[in-house]
S.K.: 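What follows is a single structure, and I will ask about it in a moment.
Everything numeric here is computed off the predicted structure, so don't read it as measured data. Order of the sequence lines fixes the chain letters, A, B, ..., with proteins taken first and strands second; residue numbering starts at 1 for each chain.
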There are 2 protein chains.
Amino acid sequence: MNAKPLSSAPPSPWPQGPSRAEQRQAKRDAVLNVAAQMFNERGFHATSLDDVAAHLNVSKPTLYYYVKNKEEILIACMETALALMLDNMEESRRSGRGPLEQLHDCMHVYGQMATQPFGICLIRVGDEVLPPDSRKELRRMKSEINLQFRHLVGDCVQQGLLAPCDPTVTAFVIQGALSWLARWYQPTGAYSADQIIEQCTQLLLQGVLARPAHSQ
Amino acid sequence: MNAKPLSSAPPSPWPQGPSRAEQRQAKRDAVLNVAAQMFNERGFHATSLDDVAAHLNVSKPTLYYYVKNKEEILIACMETALALMLDNMEESRRSGRGPLEQLHDCMHVYGQMATQPFGICLIRVGDEVLPPDSRKELRRMKSEINLQFRHLVGDCVQQGLLAPCDPTVTAFVIQGALSWLARWYQPTGAYSADQIIEQCTQLLLQGVLARPAHSQ
């Protein structure tokens with residue numbers, strides 16, 4: 001139990017560290033992060049909780065204090081990636097920017113997800129291994145993201161900002177091209193993640209065909 | 001042993017059926033096809049050879065006459081998809097068509113792969129489960145396909161047919177958008193596979209941004 005703070009007392013010379021709950025959360029996050037990177041490098045099925053424990057220098061019983069099993073880790077990684085993406089997309093929506101700017105924002109949010117461990121995990125590891133309830137919830141979140149892309153593309157077409165197209169196909173083309181980053185992007189390569197994401201975004205928006213000189 | 005054909009004799013009224021080797025091949029193909037569709041629907045790990053045998057109305061020992069194990073099936077499915085793609089890309093190269101037409105051809109070849117069971121398998125099932133030798137060979141074939149896309153994009157840029165771009169990033173954007181078909185395309189949907197692939201191809205070539213009227 002924490003002591004009741006004294007309103008007029010000077011601050012304690014023994015600085016207060018993070019609370020027990022914060023420490024637990026930080027340790028659970030470390031477990032999720034190491035596990036996600038192992039899933040991404042070796043595959044979900046080839047990674048054991050023993051591997052994760054060994055990498056963190058803890059015993060397997062210690063690990064069980066933070067997570068129930070491997071599936072729970074995978075669900076947490078995937079949910080974190082999806083929730084962060086939905087939050088950021090919602091933030092862009094509330095910004096009051098136009099639909100084309102919002103589409104650009106959302107493409108960046110998606111690309112960032114696809115170049116970070118939890119998002120890579122979401123894209124590379126199939127959800128067939130998960131219990132039906134969790135799979136259903138994750139698919140609901142994925143559909144929501146897809147729906148937002150479709151709506152944004154539809155709004156842009158209506159306002160003449162995008163060429164006439166089928167918003168469903170366009171949303172999948174955008175998400176597919178950006179999801180593929182999870183398979184090929186190397187953080188040690190010539191470009192930063194943001195540079196690559198911007199290149200992909202411009203390719204998708206502008207296409208690759210050379211334009212006649214007078215339209216450039 | 002086949003009887004020596006008699007040059008002047010009339011054709012036999014008992015039509016000759018497929019040879020034993022052809023029958024064996026057809027049965028092996030049926031095993032691969034059923035297995036690929038099960039991998040795609042349930043996931044590789046959740047599919048057992050018992051499931052495949054049951055679906056084909058054969059015993060598991062019968063199945064072992066055609067395939068050694070589940071990994072061998074997966075390798076055969078993936079190799080078939082990659083070899084077919086490489087063959088078709090090579091055929092386009094030999095046609096003598098210009099690089100932009102070849103790029104268009106190769107995008108179609110890739111899209112067709114991504115909407116058929118062996119290709120869906122190639123894209124959805126990770127290759128981490130495979131023995132290192134097979135994985136290496138499959139990755140070599142994938143690199144070859146990626147290299148062909150990069151070369152075609154590079155040639156198009158050099159000839160002023162595509163806007164200046166990094167051919168590596170562009171090749172991955174193209175392959176990613178088309179690979180994603182394996183995740184969302186439904187054969188029972190409103191468009192045929194060819195129609196969807198052509199829509200994706202045009203979106204990638206032309207981009208989604210609306211063009212100023214004078215450049216259309």
S.K.: Decide yes or no for B:Leu203 and A:Ile174: does some side-chain heavy atom of the first lie under 4.5 Å from some side-chain heavy atom of the second?
M.R.: no
S.K.: Go through the atoms of A:Tyr191 and report whether side chain, backbone, both or neither lie under 4.5 Å from a heavy atom of chain B.
M.R.: side chain
S.K.: Going by heavy atoms in the side chains, are B:Leu204 and A:Val208 under 4.5 Å from each other?
M.R.: no
S.K.: When you look at CD of A:Glu91, are more than 12 heavy atoms from neighbouring residues, nucleotides or ligands closer to it than 6.0 Å?
M.R.: no
S.K.: Is there a side-chain contact between B:Ile196 and A:Phe172 in this structure, where contact means two heavy atoms from C-beta onward sitting under 4.5 Å apart?
M.R.: no
S.K.: Taking side chain as everything from C-beta outward and backbone as N, CA, C, O, which of these in A:Leu205 sits under 4.5 Å from a heavy atom of chain B? Side chain, backbone, both or neither.
M.R.: both
S.K.: So for A:Leu178, is it side chain, backbone, both, or neither that comes closer than 4.5 Å to the heavy atoms of chain B?
M.R.: neither
S.K.: Do other residues, nucleotides or ligands put more than 12 heavy atoms under 6.0 Å from A:Lys70 NZ?
M.R.: yes
S.K.: Check each atom of B:Leu181 against the heavy atoms of chain A and say whether the ones under 4.5 Å are side chain, backbone, both or neither.
M.R.: neither
S.K.: Should we say atom NE2 of A:His45 is surrounded by more than 12 heavy atoms from elsewhere, each under 6.0 Å from it?
M.R.: yes
S.K.: Which atom names give the shortest non-hydrogen contact between A:Arg42 and B:Glu128, and what distance separates them?
M.R.: O-CB, 3.4 Å
S.K.: Which atoms of B:Tyr185 are under 4.5 Å from chain A, going by heavy atoms: the side chain, the backbone, both sets, or neither?
M.R.: neither
S.K.: For the interface with chain A, which of B:Cys200, B:Ser179, B:Gly126 has the highest count of heavy-atom pairs at distances below 4.5 Å?
M.R.: B:Ser179
S.K.: Quick check: are there more than 12 heavy atoms from other residues, nucleotides or ligands sitting under 6.0 Å from NZ of B:Lys27?
M.R.: no
S.K.: If every non-hydrogen atom of B:Asp166 is compared with every non-hydrogen atom of A:Gln199, which pair is closest and at what distance?
M.R.: CB-OE1, 3.6 Å
S.K.: Please list, chain by chain and in numerical order, all residues satisfying ring pair (Phe, Tyr, Trp, His ring centres under 6.0 Å) with A:Phe149, sequence neighbours excluded.
M.R.: A:Tyr110
S.K.: Report, as yes or no, whether the 6.0 Å neighbourhood of atom NE2 on A:His55 holds more than 12 heavy atoms from other residues, nucleotides or ligands.
M.R.: no
S.K.: What is the minimum heavy-atom distance between B:Gln206 and A:Leu209, and which atoms define it?
M.R.: CG-CD1, 4.1 Å
